[in-house]
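As a basis for the values below, the full set of heavy atoms in this structure was taken, side chains included, without hydrogen atoms, waters or symmetry mates. Here is the naming used below: chain letters follow the sequence lines, and residue numbers restart at 1 for every chain.
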Amino acid sequence: MSAGQLPRWVDYGLIPLINLIAAFLVSGLVVLLIGENPIDAVRVLIWGALGFGEGVGFTLFYATNFIFTGLAVAVAFHAGLFNIGGEGQAYVGGLGVALACLALDRIVPWWVTLPVAVAGAAVMGAAWAFIPAWLQAKRGSHIVITTIMFNFISYSLMVYLLVNVLAKPGSMQPETRTFEEGGRLPFLNDIQSLVDFGTAPVNLALVLALIASALVWVIIWRTRLGYEIRSFGANATAAVYAGMSPARIIIITMLISGGLSGMMALNEIMGSQHRLLIEFVAGYGFVGIAVALMGRAHPVGIILAAILFGMLYQGGAELAFEMPAISRDMIIVIQGLVILFAGALENLFRPAIVRIFTPSRAPAVQAG
Amino acid sequence: ADINPAVLYDLGGKFDKSFNEAAFTGAEKFKADTGIGYRDFEIQNDAQREQALRNFAKRGQSPIIAIGFSQANAVEKVAKEFPDIQFAIVDSVIDLPNVRSIVFKEHEGSYIVGVAAALASKTGKVGFVGGMDIGLIRKFACGYKQGVMSVKSDAEVFENMTGDTGAAWNDPVKGGELAKSQFDKGADVVYHAAGGTGIGVLQAAHDAGKLGIGVDSNQNGLFPGSVLTSMLKRVDVAVAKTFEDAKNDAWSSGVQVLGLAEGGVDWALDDNNASLVNADMKAAVEKAKADIISGTVVVHDYMADNTCP
Amino acid sequence: MLDAYQTLILLLDSTLRLSTPLLLACLAGLYSERSGVVDIGLEGKMLGAAFGAGAVAYLTSNAWLGLLAGIGVAVGLALIHGFASITNRGNQIVSGVAINFLAAGLTVLLGQAWFSQGGRTPTLPQGGRFGEVILPGAEAVRDVPVLGPLYSELISGHNILVYLAFAAVPLTWWILFRTRFGLRLRAVGENPAAVDTAGISVVLLRYRAVVICGILTGVAGSYLSIAQSSGFIRDMTAGKGYIALAALIFAKWRPVNAMYACLLFGFLDAMAIRLQGKSIPMIGEVPVQVFQTLPYILTVILLAGFIGKAIPPKASGVPYLKERS
Amino acid sequence: MSETPAIELRGVNKSFGPVHANRNIDLLVGKGSIHGIIGENGAGKSTLMSILYGFYQADSGSIHVDGREVRIADSRQAIDLGIGMVHQHFMLVDPFTVLENVILGAEDGATLSGGTRKARQELRRLEQEYGLKVDPDAVVGDLPVGLQQRVEILKALYRGAEILILDEPTGVLTPAEADHLFKILEVLRDQGKTVLLITHKLREIMAITDTVSVMRRGEMVATLKTAETSMEELAEQMVGRSVLLHVEKTPADPMGTILEVEDLNVTDARGVRVVKDISFKVKAGEIVGIAGVSGNGQSELLEALAGIRKADSGRLSIRSETLDLATMDIDPALMREKGMGHVPEDRHRMGLINSFAEYENAVLGYHRSEKYAKGLLLDIAAIKQEAREAIEKYDIRPPSTDLRTANFSGGNQQKIVLAREIERDPDVLLVGQPTRGVDIGAIEFIHKRLIELRDEGKAILLVSVELDEIRSLADRILVMFDGAIVGEREAGADETELGLLMAGVQDQGAASGAVAGEKA
Ligand SMILES: Nc1ncnc2c1ncn2[C@@H]1O[C@H](COP(=O)(O)OP(=O)(O)OP(=O)(O)O)[C@@H](O)[C@H]1O
Ligand SMILES: Nc1ncnc2c1ncn2[C@@H]1O[C@H](COP(=O)(O)OP(=O)(O)OP(=O)(O)O)[C@@H](O)[C@H]1O
Ligand SMILES: [Mg+2]
Ligand SMILES: [Mg+2]
């Protein structure tokens, strides 16, 4: 009736593409401004992200982080909750991963450690989301504030633990010892031979992220719980009318959300760094907000948006490396422009495109 | 020999007003002196450490110098992969045949500025503002305290840390407030080891008519007349020296511990603080320095046993 | 006793200094969100303004020109936000995130290009910075017991932007609840269709709100770089935009509450700073991280205990779309 | 009525994307007349009026006001032309006071003090002239809908409207309130103002309008003099077939009691007791109607029985099981389990999740049923299958299970809710305002279905502010006033008598002059 005026490929393919091109055009202007060749810059960026196995590997490595944090934001979003605390939940999730790895890495192989680490990540991340969730459900505290506060609290907690409790003795690094084999996820390069990811740290966590995406899809769109989450998010009054318990939905949703954030640590800690270190979350939790929204809170969209951001991170690093005049700050600007054009300004070109794709309407022609 | 040097900065970035910037200064000096260019890279996250080191190594850059203890794991790993390339790391020790480890005795440098602080203080109370509560910063604080106490054993040393995230190194506002809180408690000299945050500390000292002490590079000129001195940590010298050694085929691996004796740490005296440092003070500081170099005085290193006497 | 009083005065003095940028940003967010435009980009606008102010104040040695530049930058960013979220009905949160990225990148990029100090602006020259304003009689009454310190330490001796920020509170209240513009602003945040059918342009109204938000974040950012400090340094907002957002929710989108909320945050921060390093009776030496995080923990406790539900303006975050085409 | 028409529309077209909401519309409205517009849900009535009011812009066509062609680019211009509109969905700012709502956009100066003073005076004048009484300082969101609508009318009059458009104004009013409104409209007409009235109620059209236009599927199919037409003709014009305007039902044949409510007391969020000591029974095979002016506790009563709202005290027996509503852990899921269906008063706010597809809404509240479970997952196929059956049985249009319910018209939305609640075969059905804002075709269907359900031996509790509806459907009528049941009457009780009860005039013998519409 009113949906689907545009062919799907236009809505989900052409329009995002045009937006991306716009973002790169504007970025090109900035590149031009600092006296570099924008076409070369874009070429390096895209080549760096996708042009060779190792680049792809890094892109996917970053994408793994964004998938987890993006899913976390999206799940909460479906319940109408704005979980801004991914950063802290992932940080504390890292603690769960690290404790599992430190305890087991010397005695069992990685695949025995893995389920414990997954549980550790999810449980710790969920625990960190639980208090804000509980406060929102029972005391009406605004989840945005409490999750922001819990980010700050997590920073202090983790510095304390890393410096005073977990640091290896005699080292000035605020980090744990490096895990042995039993605490390391295999790199994708080591377990398949289709693509050569070189030394890129993309690892089994990517597979976990994809599984998590599928599970999130199933939970949200195919289970009663998901039905209730979406109901509550879309119309809380109707959800109560339908016999759903808001407190239960809020808490369960936030536990899932926090657990997903926490699992981001699997990729960084167990997959790549092999030790727990300070500030390893590095803003991935915040970027997850943009990823979730650009992916329209749908796992497929989130995977695509996560890959886009992975490309920006990896391609950006390559760009900064190849063109010394382009600093990492330039990369941040380009990321900002992409978020702006592909995310916030997604309707900029829509009216024009709608005009192109809808046949002109002569008022008198249609009858009946 | 022909060399192709490279520098890898830590998360703080090339211009952190601290040791990364000092490394940059050293590399620039080497370039100016020899005409040999270099590559450098600022990482954005932990995954880029190894990636950048490998990128350098694959392109045949050597020596590659990594700044900051956080690079240790990455350097260790990549250095093993490229045994023919020379690596160096600042602020950490890696035991590999192709890695030079450069560490500084920040506690010694902090000790002598502590002596200066105690002598300049009229109230017998001095302050320290650190960036983050981590081992390295405690090492600064602990050396400083010992220096102060060596002059006035009943002196009070206030110690504050800024925060628990990267922002702690770039928060002049908080730095200023921390310094003010120390002035309110009676301190009249404050030493910082907090990167960009320290600018706020020195500013607050300047505003309140008290004295600040700079760190890493010579910050005396930031607020002339208000910065008592600066504790120099000569990362610049170390970087330039490392490049030169490679160029002159004098490369050596192993650990270089740079203290007062080696000129790796020092205090800064120049026109900007000439009026603040009187002859007595100068003599006392130089004496402390000499005592440490000679071994008469041993400054306890916090990192040795995680305690401060 | 007297000592404790003096300590309290100094503590409150510090509270005022720390609250000011939060308050300005919080009021900025208040205008925006009251009009229905959610603004998670307060942080970015403040940062941009801090840079603009620092750069121009350095170049001109004139704090007022610096302030103007800071406001200019923030208003520019605000207009981008407006264009994305009002004109193009984009997602307001995504737009805010984008602005935070742009500001974080551009400030350092331009700063490095212009001043070659790693994105810092050079230390401001005389006149480039807002100095303390000594209120009349402050020196004279300094020694009067009790009231003397209160006036000369706490009330007097701040820079002009502090007074501006606190003056903005009653002004905002007045604008919001006593003027035509305020009535319309509140209405458009609750029910834009009602405003539209009353013959008022929703778009124009929201743009005006967003511009005011830009002006206030401009002052907030300028305060950081050319009043409280003397120069810009990268990321110097250090999360204040997010705290201001929290304060706004805390304050339930009301101006006077906003002042209390910001004062509370400022106070908790000032207190944490002053408590740091003290050992607590009975417990003894406490890790410094406990103090670092104390303000946040207390906020959570207060939030859970005292302020009931905060209900945002009904239309905030929702683009106004009357026809679906 | 022979001079220049107040309004003339020529060839107006308006499309929303693919929906052609108005198609070549011509319309003439005489000055000083009351002109009715009728049409099924979605016929395009509101769209047309919104174009006249400048809220939407026509794609083509022209508008003439007082003989002059005008371009109405926004509501400001409409207001300046003397056009006022009371929208179907009120355009009020809930947290504002009445006064603030009235002056919004007409503040008279940059600050509010002068404008509010003037507005207070003007409101007092309008109160005297038209009997439109509202407390200017009351918060609009707290007012009952009847009063909210009054505020909307005041807004228009305050702006000096010469042409007043009312879009389904009586959907939320009691008969007495509606009568009162019509009196006002007549006064306005006598003052030479022009009134455009959209309504689904043909009785109202016949009673008050001078002329009437009928719309169907975006087109204007007829404009008639009211005196020269009949309800039957209008209904047929509107729906395109003949419609049964009266409910046909046989007398009830009630059996044993199924639902019994005892001593129910409910307090609302503000701490006011809104349901007071209510007790009643409903038998199998009967419809018990609860009449009352809206805001007298009916909503809370229904919500308490449905388990949505906590009661202070009260017991509910369904079949032979007794639940204590105050002490037991009651929730809507439990009540459904016990065999209670509930069609809520407000389908948009409560009955449907409008961003969900039709099939998802078709199981709202029953989604936990084993019927829809396939292991841990929902059995989407089974749900869709059932939704399809309901669509067929209830003639829901368009017959799509995947369309979001936001895109169904009001009548069809209501059928979706009814189908969902009825098809679960409940023992007791709670029904609130089943036909509010629904066109006559759909009303006919809904009424028929409720009677059928009764005849199947179910117990139905019907709450409606529509006295006609109560009188024609209910077998027994309870009247609620100020939270309490103030009287019980048999089916077909006298309308005036019920009206008096609803107004709080105590049983029998009360003075006849009482104004029923005014809530004490
Ligand atoms: N804002 C809008 N955007 C898109 N489509 C709309 C909009 N408003 C109405 N429509 C479409 O226009 C058609 C006519 O709607 P309109 O509201 O005018 O009907 P109506 O006659 O007022 O119905 P009702 O009796 O239910 O009030 C609808 O079927 C709907 O599809
Ligand atoms: N803003 C809008 N966007 C899209 N569709 C709309 C919009 N407004 C109305 N419609 C559609 O127009 C049709 C009729 O609209 P309207 O608001 O008149 O509903 P209705 O049938 O009168 O229902 P109710 O009487 O319950 O309000 C429905 O299909 C509705 O979904
Ligand atoms: Mg309508
Ligand atoms: Mg309707």
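- For a residue to count as touching a neighbouring chain, one of its non-hydrogen atoms must lie under 4.5 Å from one of that chain's; by this rule I153(A) touches chain C with backbone and side chain alike.
- Summarising the geometry of L109(C) relative to S327(A), their closest heavy-atom pair is CD1-OG, 3.6 Å, with the distance given to 0.1 Å.
- Looking at N164(A), only its side chain comes within 4.5 Å of chain C, counting heavy atoms on both sides.
- Between the CG atom of N91(C) and the CZ atom of R296(A) there is a distance of 10.5 Å, given to the nearest 0.5 Å.
- Distance check, rounded to the nearest 0.5 Å: OG1 of T107(C) to CG of D329(A) gives 7.5 Å.
- Closest approach of A304(C) to S141(A), counting heavy atoms only: CA-OG, 3.4 Å.
- No other option in I93(C), I297(C), V97(C), I80(C) has as many heavy-atom pairs under 4.5 Å with chain A as I93(C).
- Nearest heavy atom pair, residue V159(A) against residue Q289(C), reads CG1-NE2, 3.4 Å.
- In this structure, the side chains of V300(C) and F150(A) come closer than 4.5 Å at one or more pairs of heavy atoms.
- For chain C, no part of V163(A) is nearby; none of its heavy atoms comes within less than 4.5 Å.
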Could you walk me through whether V108(C) and I332(A) satisfy the side-chain contact (heavy atoms from CB on, under 4.5 Å) test, starting with their C-alpha distance in whole Å, then the side-chain angles of each, then the deciding distance to 0.1 Å, before giving a yes or no?
CA-CA 10 Å; V108(C) 182; I332(A) 296 178; over 6 Å; no
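- Of all the listed residues (T299(C), V288(C), N100(C)), the one sharing the greatest number of non-hydrogen pairs under 4.5 Å with chain A is T299(C).
- Residue contact with chain A, scored on non-hydrogen atoms closer than 4.5 Å, is absent for L245(C).
- Contacts between R350(A) and chain C at a heavy-atom distance below 4.5 Å are absent for every atom of the residue.
- Closest approach of A98(C) to I339(A), counting heavy atoms only: CB-CG2, 3.8 Å.
- For the atom pair CD1 (I84(A)) and OH (Y242(C)), the distance works out to 6.5 Å, reported to the nearest 0.5 Å.
- Surrounding CZ of F349(A) are more than 12 heavy atoms belonging to other residues, nucleotides or ligands, all under 6.0 Å away.
- F101(C) places none of its side-chain heavy atoms less than 4.5 Å from the side chain of V338(A).
- What you find for F250(C) and I145(A) is that their closest heavy atoms are N-CD1, 3.7 Å.
- When all heavy atoms of S156(A) and Q292(C) are compared, the closest pair comes out as OG-CB, 3.7 Å.
- Using a 4.5 Å cut-off between heavy atoms, L348(A) touches chain C through backbone and side chain atoms alike.
- The distance from atom CG of N88(C) to atom CG of L340(A), rounded to the nearest 0.5 Å, is 9.5 Å.
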The test is ring pair (Phe, Tyr, Trp, His ring centres under 6.0 Å); show your working for Y155(A) and Y296(C) and say whether it passes.
CA-CA 11 Å; Y155(A) 305 147; Y296(C) 311 118; 8.6 Å; no
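- Only the side chain of I40(C) comes within contact range of chain A, judged by heavy atoms closer than 4.5 Å.
- F152(A) is listed as a side-chain neighbour of I243(C), based on a closest heavy-atom distance under 4.5 Å.
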